[in-house]
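Atoms within each ligand, like the ligands themselves, are counted from 1 in listed order.
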Amino acid sequence: MPEIAGALPFPYRFPRHRTALLVIDMQRDFVEPGGFGEALGNDVSRLQPAIPSVARLLAAFREARMPIIHTREAHRPDLADCPPAKRMRGAAALRIGDLGPMGRILIAGEPGNDIVPALAPLPGETVIDKPGKGAFYATRLQDVLKGFAISHLVIAGVTTEVCVQTTMREANDRGYECLLAEDATESYFPEFKAATLAMVRAQGAIVGWTATSEQVAAALRPDEDG
Ligand code: C5J
C-alpha cells in the first residue's frame, strides 16, 4: 500500500484502489479578477500559486487512473438554491446572481463559474455543483464516493479555511481518511491557511493529514506501490 512517510502529523497510508482526488472550487469566480472572490474585497492573486500544484495532483491521479472529482460552488440561475442569508451577507460590490465582467456571479453555466482552464476536468471525471461551502451538503458526492468504493481522499482547492476545510470536516465525520495537499490549497488570508493546516493535523490528525503535492505524486508513482 502506498505511504507518504513525510505526511503530518504521521505517515499516511492509502489503498490505491480506494483513494480519490477531490478538487474543491478551482473556479474563475474565486481565482480571477471580476468574480465572487474579488467582489468580496479579496486579492485573488493570492490563490493563483495553488494552480500548478493542483495540476501536479491531477496529472498524478490521471497517470495512476484513480478517480478525480471536481467541485464548483454554483447556484441555479433562479437562485432557488441560494438562501437569502448567503446572498445578502456582508457588503459585497456584486452579490450572487448579479451581472459581473465574467457573467452572473456564482451562477452555474456562466463563464466565471467555470473551473480555470489549466485545471479543466477531462471527460470521465466527475464534476459536482454545490450550493454550500461543504461539498457533501445538498449534492450527490457521498453516492459518487460510494460508487467508487472510496475510503481515502486527497483534497485540494480553494479556499483553505472555507470550502476546503468545511468539506474535509464533512468527509472526516463520514469516516473518510483525508489528506489535505498543503501547496495545492490557498486562502486570501495566509494566516487562515496556516491555521487550518495546523488545526487539521492537531490532536493526532483530528481532521486528517497534510503533505505536499509532490509527496502525494511521488507516492503514486508505480515503483512506490507496495
Ligand atoms: C468561498 C470557497 N470562499 N470555495 N468559497 O466562498 O471557499
Peer 1: Can you find a pair of side-chain heavy atoms, one from Phe36 and one from Ile107, that are under 4.5 Å apart?
Peer 2: no
Peer 1: Any side-chain heavy-atom pair from Val207 and Gln165 closer than 4.5 angstrom?
Peer 2: no
Peer 1: Measuring from each atom of ligand 1, which residues have a heavy atom under 4.0 Å away?
Peer 2: Asp25, Phe30, Phe36, Glu73, Lys133, Val158, Thr159, Val162, Cys163
Peer 1: By the ring pair (Phe, Tyr, Trp, His ring centres under 6.0 Å) test, which pairs, at least two apart or in different chains, include something from residues 176-209?
Peer 2: Phe10-Trp209, Tyr12-Trp209, Phe189-Phe192
Peer 1: Using a strict cut-off of less than 4.0 Å between a Lys/Arg side-chain nitrogen and an Asp/Glu carboxylate oxygen, indicate whether Arg221 and Glu214 qualify as a salt bridge.
Peer 2: yes
Peer 1: Check whether any side-chain heavy atom of Arg62 lies under 4.5 Å from a side-chain heavy atom of Glu125, and answer yes or no.
Peer 2: yes
Peer 1: For residues Glu186 and Thr159, determine if any side-chain heavy atom of one lies less than 4.5 Å from a side-chain heavy atom of the other.
Peer 2: no
